[in-house]
Each structure stands twice: as C-alpha cells, then as structure tokens.
Amino acid sequence: AITYNDKSVLENHHLASFSRILERPGCNIFAGLSVSQCREVRRLIIEMVFATDMSMHVELFDDFNSLNEVNSFKPPLSAEAKTFLLRLALHLADVSNPAKKPSIYREWASRIMEEFFFQG
C-alpha cells in the first residue's frame with residue numbers, strides 16, 4: 001500500500017507485475033508493434049485495469065450518466081466514448097457475480113475470499 005500511496009493498490013501491483021513480465025525474454029507481446037501502437041495498447045490496458053477498482057465505481061457511473069445526457073453514445077462513437085464503454089463493460093463484468101445463479105455466485109465468492117486471504 002505504501003508503494004502505491006494507498007491508491008488502487010491491487011491494480012497498480014497488477015500493472016507493475018505485467019510490466020516486469022514483459023521484460024522477460026520472449027514475453028514482450030508488444031514486440032511487433034510500433035512505438036505509437038505500444039503506447040496506445042499500454043494506455044488501454046492501464047485504463048481497463050483501473051476500471052476494476054471499486055473505488056472508481058461511483059465516478060464511472062457519474063461519467064456514464066453525464067456522457068449519456070449529451071448523447072455521446074450515438075454513432076459514430078468517438079475514441080473517448082469507445083474507451084469509456086470498454087471500461088464500463090469490464091467493470092460490469094467484474095461486479096456481476098451477484099447476478100449469477102446462486103451456486104455459481106457462492107463458488108466465485110469463495111474463490112475471491114480465498115484470493116483476498118492469500119494477499120494478506
């Protein structure tokens with residue numbers, strides 16, 4: 001938590017781990033991309049990982065309501081709107097467990113509690 005100043009600790013840890021993995025021989029999945037493509041893919045990955053941070057839940061839905069009021073989701077979509085919708089879809093998938101069949105929900109709730117326990 002200290003390393004990341006208590007902000008999005010798990011998400012920052014995952015991104016840092018991902019960056020370290022990319023440095024390993026044979027693991028750079030971006031090797032065939034141009035510098036600008038690498039920057040764009042990296043930016044999107046970072047945004048998607050931060051979309052899973054529950055501390056951003058209210059802000060994400062406030063942004064959705066604001067963008068929806070000004071019809072930002074009508075075709076053709078801007079790059080900003082597309083990125084936002086990707087973040088929203090990932091966030092919704094991340095928090096969707098309670099909407100699943102009870103047996104599936106309990107299984108995944110158990111798994112996440114175990115993961116949290118092992119993280120300390």
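Remember, predicted model here, so these are calculated numbers, not experimental data.
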| task | Tell me, please, which residues at least two apart from Arg43 pass salt bridge (Lys or Arg N to Asp or Glu O under 4.0 Å). | result |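 For Arg43, the residues satisfying salt bridge (Lys or Arg N to Asp or Glu O under 4.0 Å) (neighbours in sequence not counted) are Glu40, Glu47.
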
| query | Which pairs pass salt bridge (Lys or Arg N to Asp or Glu O under 4.0 Å) with one or both residues in residues 52-66, sequence neighbours excluded? | reply |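 Residue pairs passing salt bridge (Lys or Arg N to Asp or Glu O under 4.0 Å), neighbours aside: none found.
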
| task | Any salt bridge (Lys or Arg N to Asp or Glu O under 4.0 Å) involving residues 76-95? Give me the pairs, sequence neighbours left out, ordered by first then second residue. | result |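 The answer is none; no pair qualifies.
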
Residues that [X] engages under side chain to side chain donor-acceptor pair (under 3.5 Å), provided they are two or more places apart:
X: Ser66; value: none
X: His14; value: none
X: Thr83; value: none
X: Arg24; value: none

| So, Ser96 side chain and Ala99 main chain: donor-acceptor pair closer than 3.5 Å or not? |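 Not a single qualifying donor-acceptor pair exists.
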
| query | Mind checking who shares a hydrophobic cluster with Val95, ILVMFWY linked at side-chain heavy-atom distances under 4.5 Å? | reply |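 Joined to Val95, directly or through intermediates: Met54.
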
| Linking Ile, Leu, Val, Met, Phe, Trp and Tyr through side-chain heavy atoms less than 4.5 Å apart, which residues share a cluster with Leu77? |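 Its cluster mates, by chain and number, are Leu60, Phe61, Phe64, Leu67, Phe73, Phe84, Leu85, Leu88, Leu92.
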
Which residues pass the side-chain contact (heavy atoms from CB on, under 4.5 Å) test with [X], not counting sequence neighbours?
X: Leu22; value: Phe18, Asn28, Ile29, Phe30
X: Ser34; value: Ser36, Gln37
X: Arg111; value: Glu107, Trp108

